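Taking it in order: structure first as structure tokens, then the write-up.
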Amino acid sequence: MGKDRIEVDGVAVAQTERIYWMLNKPHGLVTTADDESGRETVYTKLPDGLPWMGPVGRLDKASEGLLLFTNDSEWAARITAPESHLDKIYHVQIGALADGVLLEALVKGLRCADGESLQAKSARLIREGGKNSWIEVVLDEGKNRLIRKMLESRGVEVLRLVRVSIGPLKLGGLPKGVARRLSADEKRDLDAALEAHQKAAPKEGTRRHSNTGTPQ
């Protein structure tokens with residue numbers, strides 16, 4: 001069987017290797033390749049000499065944690081698609097003591113100032129101090145600034161927001177500001193999770209939302 005050959009001006013074009021990386025994004029970086037305001041971007045934390053990669057979804061400037069990069073646009077689209085429903089876990093420090101009423105409201109759903117109804121898949125208390133708390137919020141869909149909007153609707157200040165996992169992929173002990181390539185096992189596990197959700201999708205019925213965005 002013959003193989004396709006791509007040429008430009010008679011010269012064969014080598015197929016670019018598909019690569020998959022993760023970064024522990026620090027606070028203060030914007031998720032873009034070039035910022036018109038001159039702000040530091042997440043690309044300053046990637047090693048030199050890599051092929052071009054795009055971010056898989058986004059974390060806003062104030063958010064931290066797990067951010068994926070790849071040059072495999074089809075795979076990136078599957079990760080961020082609303083129907084993938086991969087759990088994204090966030091650890092959020094808030095300027096209040098989190099009680100059962102707040103956690104229950106996040107899961108039941110809240111109507112924000114713009115009239116948008118938003119909800120988390122689950123929420124629980126991690127720990128609390130005298131005046132603030134750390135909570136864990138799990139999302140299985142993307143909606144622009146979802147966590148921040150929900151907490152703002154209750155008058156709760158977000159002090160820190162860290163994404164610690166996407167599906168089976170964990171941020172783990174990766175130092176802040178450091179990027180590394182996904183292992184073969186990590187990539188395989190993410191693909192298996194995507195496949196499992198795809199097979200289950202027809203049985204799930206209508207979901208709450210279908211918009212994609214920056215869900216923090």
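This is a predicted model, so every value here is computed, not measured.
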Spatial distance of atom [atom1] ([X]) from atom [atom2] ([Y]) [nearest 0.5 Å]:
X	Y	atom1	atom2	answer
L139	K121	CG	NZ	10.0 Å
L66	M22	CG	CE	4.5 Å
S122	D87	OG	CG	7.5 Å
L182	L68	CG	CG	6.0 Å

Using distance only, find each side-chain donor-acceptor pair of residues 97-107 under 3.5 Å and give its atom names and separation, not counting sequence neighbours.
{"from": "D99", "atom 1": "OD1", "to": "V101", "atom 2": "N", "distance (Å)": "3.3"}
{"from": "D99", "atom 1": "OD1", "to": "L102", "atom 2": "N", "distance (Å)": "2.9"}
{"from": "E104", "atom 1": "OE2", "to": "K108", "atom 2": "NZ", "distance (Å)": "2.9"}

Just one of R160, K25, R163 clears the side chain to side chain donor-acceptor pair (under 3.5 Å) bar with E64, so which one? R160

Decide whether D60 and S63 meet the rule of one side-chain donor and one side-chain acceptor closer than 3.5 Å. yes

Just by distance, with hydrogens left out, do E136 and H91 show a side-chain donor and acceptor under 3.5 Å apart? yes

Ignoring hydrogens and geometry, is there a side-chain-to-backbone donor-acceptor pair from R145 to K149 under 3.5 Å? no

Partners passing side chain to side chain contact (heavy atoms under 4.5 Å, CB included) against K170 (at least two apart in sequence or in another chain):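 Partners of K170 under the side chain to side chain contact (heavy atoms under 4.5 Å, CB included) test: S165.
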
According to a 4.5 Å side-chain heavy-atom criterion applied to Ile, Leu, Val, Met, Phe, Trp and Tyr, with indirect links allowed, do V162 and V92 form part of one hydrophobic cluster? no

Side-chain donor-acceptor contacts of residues 42-54 below 3.5 Å, not counting sequence neighbours, with atom names and distances?
{"from": "Y43", "atom 1": "OH", "to": "M53", "atom 2": "O", "distance (Å)": "2.7"}
{"from": "T44", "atom 1": "OG1", "to": "E40", "atom 2": "OE2", "distance (Å)": "3.1"}
{"from": "T44", "atom 1": "OG1", "to": "T41", "atom 2": "O", "distance (Å)": "2.8"}

Can you sort out the partners of D34 under side-chain hydrogen bond (donor to acceptor under 3.5 Å, both in side chains), two or more places apart, ordered by chain and number? none

Restricting to pairs with a member in residues 187-197, which pass salt bridge (Lys or Arg N to Asp or Glu O under 4.0 Å), not counting sequence neighbours? D185-R188, K187-D191

Pairwise salt bridge (Lys or Arg N to Asp or Glu O under 4.0 Å) hits with a residue in residues 67-82, at least two apart: R18-D72

